[in-house]
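Taking it in order: structure first as structure tokens, then the write-up.
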Amino acid sequence: MFAAAKSTENSPRPSIGFHALTLATFFGASAAPTPLYRIYQENFSVSPVLITVIFAVYAFALLAALLTAGSISDHLGRKPVIFFALVLEIVAMALFVVASGPGWLIAARIVQGLATGIAGASLGAALVDVDRAKGQIVNSIAPLSGMAVGAVGTSALIQYGPFPMHLIYALLLVAFTLQAAAIWLIGETGGTRPGALGSLIPRVTVPQQVKRPLSLVTPINIANWTLAGFYLSLVPSLVATTTGSRAPLTGGAVVTALMVSGAIAVYLRRSKTASANLAFGVSAKTLGILTVVAGGHLANVPLLLIGTIFTGAGFGTNFLGSIGTIMPLAKPDERAGLLSAFYVQSYLAFSLPAILAGFLAKSAGYALTTDIYATAILLLMGVGMMSIRADRRRVAESAA
């Protein structure tokens, strides 16, 4: 059993606000490099392939942290684990500040991925500790909101501030230092229990009753995270290449539109059924992707933004629909292993196709790469929806 938590002695309001802000800051920092990738290419002579590798190592490190340390705060308490993640993130920001080449960037992204994975799990658990209902909503919205602010804030600093490759990381370093100090002023929301070392062993399991539903939503989920990886790694360069607009805020605004619309969609459709969210998400994302492709070929930034808003709404609701399809089917003691399997699938789709996109962009250009990516994503979503509808017909016929 958990040891008695200190949070009962404190008002939950400051706690949930602090944890929400800290979670958003971590994910804001994760999106901060996105507007800078094009500048790294120009200043460090980095190819599109290496840019996507710099992007992907973050996802690999985050996944490793989730799989190994995802439940460590259940054993050691939330505060010490969150503090450790903050210290790691401070190290990552310092590496970004002194970065003078791609090797430094890769090292910084690895440390950042580890920090964000540990923080995401422990802060997410702390939010649910304080308020289960509100905590779940914040866990869905804070990362997307943070990434939106991180992308547009970095873009603004690049365009209008000094030291474009360093200022955002210096500011974030200060913010994380303050949060590392403030965490000790916040009440503990969890407790301690034995078995910390054993919890570091990854447990990836898919219960028998979930295997078929998971297989049905897999194409849609892969399409979802493949698109997110493309936006966060290459879209600013795509915008600059296809539209001729080299203003950092232009590319940053497109990435921000994806995250903001995704967060709004998650909030507005949080009470809808999983099947309704998947149907809405696929439709919105299909419309959005087609509009984005048209905007790229027409070199039209407003069209890119409109398409991204629809795409982001589809991204958010597809995520809700995928999680809502599988998690209610798992027993309480099966949920952690199932969520780990879902994370593995999601983050591999988030990172590996992005590296492929880097190779395509280098050899075929950003416009053709976008066309190929868009076609693959639309096909995956189409296969997923057809499979789900076929399964529903099969179930209905067998019940008749």
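In this structure, the separation between CD1 on Ile168 and CG on Leu157 is 5.0 Å, given to the nearest 0.5 Å. The line from CD1 of Ile220 to CE of Met385 is 5.5 Å long, rounded to the nearest 0.5 Å. Here Lys211 contributes atom NZ and Thr205 contributes atom OG1; the two are 10.0 Å apart, rounded to the nearest 0.5 Å. Atoms CG and CE, from Asn43 and Met165 in turn, are 4.0 Å apart once rounded to the nearest 0.5 Å. Of the inter-residue distances, the one linking Leu21 atom CG with Ile16 atom CD1 reads 12.5 Å to the nearest 0.5 angstrom. Atom CD in Gln179 sits 4.0 Å away from atom OG1 in Thr22 (nearest 0.5 Å).
At a threshold of 4.5 Å between non-hydrogen side-chain atoms, the residues Glu334 and Val210 do not count as touching. In this structure, the side chains of Phe44 and Leu50 stay at 4.5 Å or more apart for every pair of heavy atoms. For the pair Asn318/Met381, a side-chain contact is recorded, criterion being any heavy-atom separation below 4.5 Å from C-beta on. Between Ser322 and Leu278 the shortest side-chain heavy-atom distance falls below 4.5 Å. With a 4.5 Å cut-off on side-chain heavy atoms, Thr317 and Lys272 do not count as touching. With a 4.5 Å cut-off on side-chain heavy atoms, Leu95 and Tyr169 do not count as touching. For the pair Val235/Val239, a side-chain contact is recorded, criterion being any heavy-atom separation below 4.5 Å from C-beta on. The side-chain heavy atoms of Thr25 and Glu89, taken from C-beta on, include no pair separated by under 4.5 Å.
For Phe84, the CZ atom is loosely surrounded, since the number of other residues' heavy atoms within 6.0 Å does not exceed 12. Counting non-hydrogen atoms of other residues, nucleotides and ligands closer than 6.0 Å to CZ of Phe27 gives a total above 12.
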Q: Determine, step by step, whether Leu305 and Val254 satisfy the side-chain contact (heavy atoms from CB on, under 4.5 Å) criterion, reporting the C-alpha distance in whole Å, the side-chain angles of both residues, the deciding distance to 0.1 Å, and the verdict.
A: CA-CA 6 Å; Leu305 283 169; Val254 174; 3.9 Å; yes
Q. Which is it for Leu290 and Leu378 under the side-chain contact (heavy atoms from CB on, under 4.5 Å) test, yes or no, and what are the steps along the way?
A. CA-CA 9 Å; Leu290 292 174; Leu378 292 173; 3.9 Å; yes
Q) Between Leu216 and Thr325, is a side-chain contact (heavy atoms from CB on, under 4.5 Å) present by the stated rule, with each step listed? A) CA-CA 9 Å; Leu216 291 173; Thr325 297; over 6 Å; no
Q) Step by step, would you call Leu329 with Leu338 a side-chain contact (heavy atoms from CB on, under 4.5 Å)? A) CA-CA 10 Å; Leu329 301 176; Leu338 175 59; over 6 Å; no
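Screening Leu167, Leu173, Val174 for a side chain to side chain contact (heavy atoms under 4.5 Å, CB included) with Leu171, the sole residue that qualifies is Leu167.
Taking both residues in full, the closest heavy atoms of Ala274 and Gly324 are given as CB-C, 3.6 Å, listed atom of the first, atom of the second, then distance. The two residues Leu127 and Ala20 have their closest heavy-atom pair at CD2-N, 3.8 Å. Minimum interatomic distance between Leu172 and Ala32 (heavy atoms only, all atoms of both residues): CD1-CB, 4.2 Å. Shown here for Ala99 and Leu105, the closest heavy-atom pair between the two residues is CB-CD2, 3.8 Å. Closest of all the heavy-atom pairs between Gly314 and Asn224 is O-OD1, 4.1 Å.
Taking Ile, Leu, Val, Met, Phe, Trp and Tyr as members and joining any whose side-chain heavy atoms lie under 4.5 Å apart, directly or through other members, the hydrophobic cluster of Leu298 also contains Leu303. Alongside Leu360, the hydrophobic cluster contains Leu356, Leu368, Ile372 (criterion: ILVMFWY side chains under 4.5 Å).
Pairs of residues two or more places apart, or lying in two chains, that qualify as ring-ring contact (aromatic ring centres under 6.0 Å, His included) and include a residue from residues 264-318 are Trp225-Phe315. Within the structure, side-chain hydrogen bond (donor to acceptor under 3.5 Å, both in side chains) contacts touching residues 92-102 (residues at least two apart or in different chains) are Ser100-Trp104. The stretch residues 144-164 participates, sequence neighbours left out, in no side-chain hydrogen bond (donor to acceptor under 3.5 Å, both in side chains) pair at all. For residues 373-386, there are no side-chain hydrogen bond (donor to acceptor under 3.5 Å, both in side chains) pairs, not counting sequence neighbours.
Hydrophobic cluster membership differs between Val301 and Val152, with clusters built from Ile, Leu, Val, Met, Phe, Trp and Tyr side chains linked at under 4.5 angstrom. Linking Ile, Leu, Val, Met, Phe, Trp and Tyr whenever their side-chain heavy atoms come within less than 4.5 Å puts Met259 and Phe230 in one cluster. Hydrophobic clustering (side-chain heavy atoms under 4.5 Å, transitive across Ile, Leu, Val, Met, Phe, Trp, Tyr) keeps Leu258 apart from Leu287. Under the 4.5 Å side-chain heavy-atom criterion for ILVMFWY residues, no single connected hydrophobic cluster contains both Val282 and Ile309.
Of the N and O atoms on the side chains of Thr311 and Tyr231, not one donor lies less than 3.5 Å from an acceptor on the other residue. In this structure, a donor-acceptor pair under 3.5 Å is present between the side chains of Ser73 and Arg78.
With respect to the salt-bridge test (charged N to carboxylate O, under 4.0 angstrom), the residues Arg393 and Glu397 do not qualify.
Using a distance-only test at 3.5 Å, with no hydrogens or angles considered, no donor-acceptor pair links the side chain of Thr116 to the main chain of Gly113. The main-chain N or O of Gly135 is found under 3.5 Å from a side-chain atom of Asn139 such that the two form a donor-acceptor pair. Put simply, the side chain of Arg269 never gets that close to the backbone of Gly321: no donor and acceptor are under 3.5 Å apart. Side-chain atoms of Gln112 never come within 3.5 Å of backbone atoms of Tyr58 as a donor-acceptor pair (strictly under, hydrogens ignored). Judged by distance alone, with hydrogens and angles left aside, the side-chain atoms of Gln41 form no donor-acceptor pair with the main-chain N or O of Ile51 at under 3.5 Å. Distance alone, capped at 3.5 Å, is enough to place a donor-acceptor pair between the Thr52 side chain and the Pro48 backbone. Without hydrogens or angle criteria, Asn221 side chain to Val217 main chain gives no donor-acceptor distance under 3.5 Å. Counting only distance, with no hydrogens or angles, the side chain of Thr241 and the backbone of Leu238 share no donor-acceptor pair below 3.5 Å. In this structure, Ser340 contributes its side chain and Leu67 its backbone to no donor-acceptor pair below 3.5 Å. At least one donor-acceptor pair closer than 3.5 Å links the side chain of Ser215 to the backbone N or O of Arg212.
Taking the six-membered ring for Trp and thresholds of 30 and 60 degrees, Phe55 and Tyr37 have ring planes more than 60 degrees apart, a perpendicular arrangement. Between Tyr347 and Phe350, the angle of the ring planes goes over 60°, which puts this pair in the perpendicular group of the 30/60° scheme.
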